[in-house]
A.B. asks: 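Provided herewith is a single structure, encoded as structure tokens, for subsequent inquiry.
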Amino acid sequence: MNSFRVIDTRFRILKGGKIGLSLSISLIGSALVFGSVNSYAVDYFTDVQSTVSDSTTTPLGGTNPITVEKAVNGGSVNTTRIENDTNPVVFKPTSWANSSYTDPTFAAAETTPTVYPARYYLGKEDFVPLELNLTFASGASSGSISKNSTTFYSANITPPGYIADNPGIPTQTLTTVVSNNYKANLIFEGSNTVSGSTNIEDGNIKIDGSIDFNGTVTAGSIEVDTTDTATFGSNVSLSSGAGNLNFSQDGSIILNSNFSGNITNTNSGDGNITTVGINNINGNIGNSSNFLNSLSVGDLTTISTTTVNGDVFANSTVLNNTITNSSTLILSNDKNITSTITTS
């Protein structure tokens, strides 16, 4: 009996929340095997449209018609993932209009105070930046999370712009550029696992429940809006070390590797950090106005050697010990700690 392998399987969230499935099939002869699945958080505009203004479409009329390309954004920017698997998730918008021409209007020739020829007035409409939000429902998981580039369309001119009503007026076309210059945000509702790396560049990660990140994490910022625990198994980098991990509730973060960024809170006394293993924190922990609740170096089973390349403001700092070894906190040169310090 012949059978097929399904390879390069891709789910795309289409307009109206529908899911499209594209796949390629190869005959292998013995087993039906499903390959990798990419879940796309998609936004797009419907199409590039042409608008013509001439003597039949404008009240004042023009001898020579002008054709202008336009683009209208559409689709959903909010998508929810419910799958519990290790397939990769890819942000892949199809296209987006950063700006577009407005409908041209015809202006008759002026004789006073200065002589102008008959001409068309052409403006530009600016669109809001593209921002996609992907929510992991409670219990959902994935492998790696990443961004793909898309095609951005924009107008060539800075309005106001006038185009003379001359024969052979060229079509005013939109400029295109392929780029990943859009924001991809992640929201985790709880009991989530990301088994691969996460790279959403300048996007925000919002943690509303418990989550385990097994791979590296690259993002613009992280908001901890929960009293649960989030665990980072590998390096974390926020805006190349300039971003913030902010506690908006009294949640807990476990760091098993290096962390680059500042650790802050909305309300003084919220937020708990535990470091496990040998790691660096490249940034400040709390500030003189908003103290973190606690910094724990190591836990009761694993010691830690943690170097903080920043100042520490915490209500409590605990150095945890095992039976045979003690955890170590190292402050970089010229950095200070303001905290009650105890051992376990």
Side-chain angles (χ1 to χ4, degrees), residues 12-18 20 40-79 90-111 113-134 146-185 199-204 220 239:
R12 173 167 292 174
I13 309 301
L14 301 176
K15 192 171 185 180
K18 298 179 181 179
Y40 292 134
V42 175
D43 204 340
Y44 53 90
F45 65 75
T46 54
D47 201 358
V48 175
Q49 304 164 351
S50 295
T51 298
V52 180
S53 287
D54 56 22
S55 57
T56 63
T57 59
T58 58
L60 295 177
T63 304
N64 303 286
I66 177 175
T67 302
V68 175
E69 286 188 345
K70 300 185 67 179
V72 179
N73 288 328
S76 173
V77 297
N78 299 301
T79 306
V90 180
F91 284 87
K92 190 178 176 61
T94 55
S95 57
W96 185 259
N98 280 335
S99 62
S100 189
Y101 293 113
T102 61
D103 289 329
T105 57
F106 181 76
E110 297 180 12
T111 56
T114 306
V115 176
Y116 290 107
R119 62 203 189 282
Y120 289 96
Y121 175 86
L122 188 59
K124 185 176 74 171
E125 180 181 2
D126 291 320
F127 295 90
V128 296
L130 175 56
E131 188 166 339
L132 303 179
N133 301 304
L134 176 61
S146 60
K147 288 173 59 176
N148 273 12
S149 58
T150 188
T151 300
F152 288 90
Y153 290 75
S154 60
N156 296 311
I157 68 166
T158 301
Y162 289 96
I163 299 173
D165 180 28
N166 296 323
I169 300 176
T171 299
Q172 305 304 304
T173 58
L174 298 173
T175 298
T176 61
V177 60
V178 177
S179 171
N180 60 354
N181 188 24
Y182 64 92
K183 184 166 286 189
N185 300 318
N199 187 350
I200 56 172
E201 299 175 1
D202 63 343
N204 175 258
S239 291

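Residue numbers count from 1 along this sequence. In this text, all values refer to a predicted model and were calculated from it rather than measured experimentally.
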A.B. asks: Identify the heavy atoms of Val68 and Pro104 that sit nearest to each other, and give their distance.
C.D. replies: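 In this case the closest contact between Val68 and Pro104 is CG2-CG, 3.8 Å.
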A.B. asks: Enumerate the salt bridge (Lys or Arg N to Asp or Glu O under 4.0 Å) contacts for residues 69-78, please, sequence neighbours excluded, ordered by first and then second residue.
C.D. replies: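 Non-adjacent pairs meeting salt bridge (Lys or Arg N to Asp or Glu O under 4.0 Å): Lys70-Asp103.
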A.B. asks: Side chains of Phe45 and Phe127, heavy atoms from C-beta outward: is any pair under 4.5 Å?
C.D. replies: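 Phe45 does not reach Phe127 side chain to side chain.
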A.B. asks: Any donor and acceptor pair, going by atom type alone, linking the side chain of Thr150 with main-chain N or O of Thr94 inside 3.5 Å?
C.D. replies: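 Pair found, side chain donor or acceptor close to backbone of Thr94.
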A.B. asks: Tell me, with the steps shown, if Ile169 and Tyr120 meet side chain to side chain contact (heavy atoms under 4.5 Å, CB included).
C.D. replies: CA-CA 10 Å; Ile169 300 176; Tyr120 289 96; 4.1 Å; yes
A.B. asks: Check whether any side-chain heavy atom of Tyr101 lies under 4.5 Å from a side-chain heavy atom of Thr51, and answer yes or no.
C.D. replies: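 No, every pair of side-chain atoms sits at 4.5 Å or beyond.
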A.B. asks: For the residue pair Ala118 and Phe106, what are the closest heavy atoms and their distance?
C.D. replies: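 Taking every non-hydrogen atom into account, CB-CZ, 3.5 Å.
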A.B. asks: I need the minimum non-hydrogen distance between Gly220 and Ser239, along with the two atoms involved.
C.D. replies: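 Residues Gly220 and Ser239, closest heavy atoms: O-OG, 3.0 Å.
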A.B. asks: For Lys147, which residues count as a salt bridge (Lys or Arg N to Asp or Glu O under 4.0 Å) partner, sequence neighbours excluded?
C.D. replies: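 If we apply the salt bridge (Lys or Arg N to Asp or Glu O under 4.0 Å) test to Lys147, skipping adjacent residues, the hits are Glu201.
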A.B. asks: Sequence neighbours left out, what passes side-chain contact (heavy atoms from CB on, under 4.5 Å) with Asn181? Give chain and number order.
C.D. replies: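 For Asn181 the side-chain contact (heavy atoms from CB on, under 4.5 Å) partners, ignoring immediate neighbours, are Ser179.
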A.B. asks: May I ask you to test the Leu174-Ser100 pair for a side-chain heavy-atom distance under 4.5 Å?
C.D. replies: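 With C-beta onward as the side chain, the pair touches.
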A.B. asks: Partners of Glu131 by salt bridge (Lys or Arg N to Asp or Glu O under 4.0 Å), sequence neighbours excluded?
C.D. replies: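 Salt bridge (Lys or Arg N to Asp or Glu O under 4.0 Å) check on Glu131 returns nothing, list empty.
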A.B. asks: Under the side-chain hydrogen bond (donor to acceptor under 3.5 Å, both in side chains) rule, collect the residues that match up with Asn204, sequence neighbours excluded.
C.D. replies: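 Here the qualifying residues are Ser221.
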A.B. asks: Between Asp165 (side chain only) and Asn64 (backbone N and O only), is there a donor and an acceptor less than 3.5 Å apart?
C.D. replies: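 At least one qualifying donor-acceptor pair exists.
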A.B. asks: Do Pro93 and Leu130 have side chains that get closer than 4.5 Å, going by heavy atoms?
C.D. replies: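 SC-SC contact between Pro93 and Leu130 confirmed.
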A.B. asks: Report the distance from atom NZ of Lys183 to atom CG of Leu132, rounding to the nearest 0.5 Å.
C.D. replies: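 Lys183 atom NZ to Leu132 atom CG measures 11.5 Å (nearest 0.5 Å).
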A.B. asks: Looking only at heavy atoms, which two atoms of Tyr153 and Thr176 are closest? And how far apart?
C.D. replies: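 Reported closest heavy-atom pair: CE2-CG2, 3.2 Å.
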A.B. asks: Should the ring pair Tyr182 and Phe152 be called parallel, tilted or perpendicular, given that the plane angle runs from 0 to 90° and is split at 30 and 60?
C.D. replies: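 If you compare the ring of Tyr182 with that of Phe152, the planes turn out tilted.
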A.B. asks: Within the side chain of Ser149, is there an N or O that forms a donor-acceptor pair under 3.5 Å with the backbone of Asn180?
C.D. replies: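 Answer holds: no.
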A.B. asks: Can you sort out the partners of Ser154 under side-chain contact (heavy atoms from CB on, under 4.5 Å), two or more places apart, ordered by chain and number?
C.D. replies: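 Partners of Ser154 by the side-chain contact (heavy atoms from CB on, under 4.5 Å) criterion, ordered by chain and then number, come out as Asn98, Ser99, Thr175.
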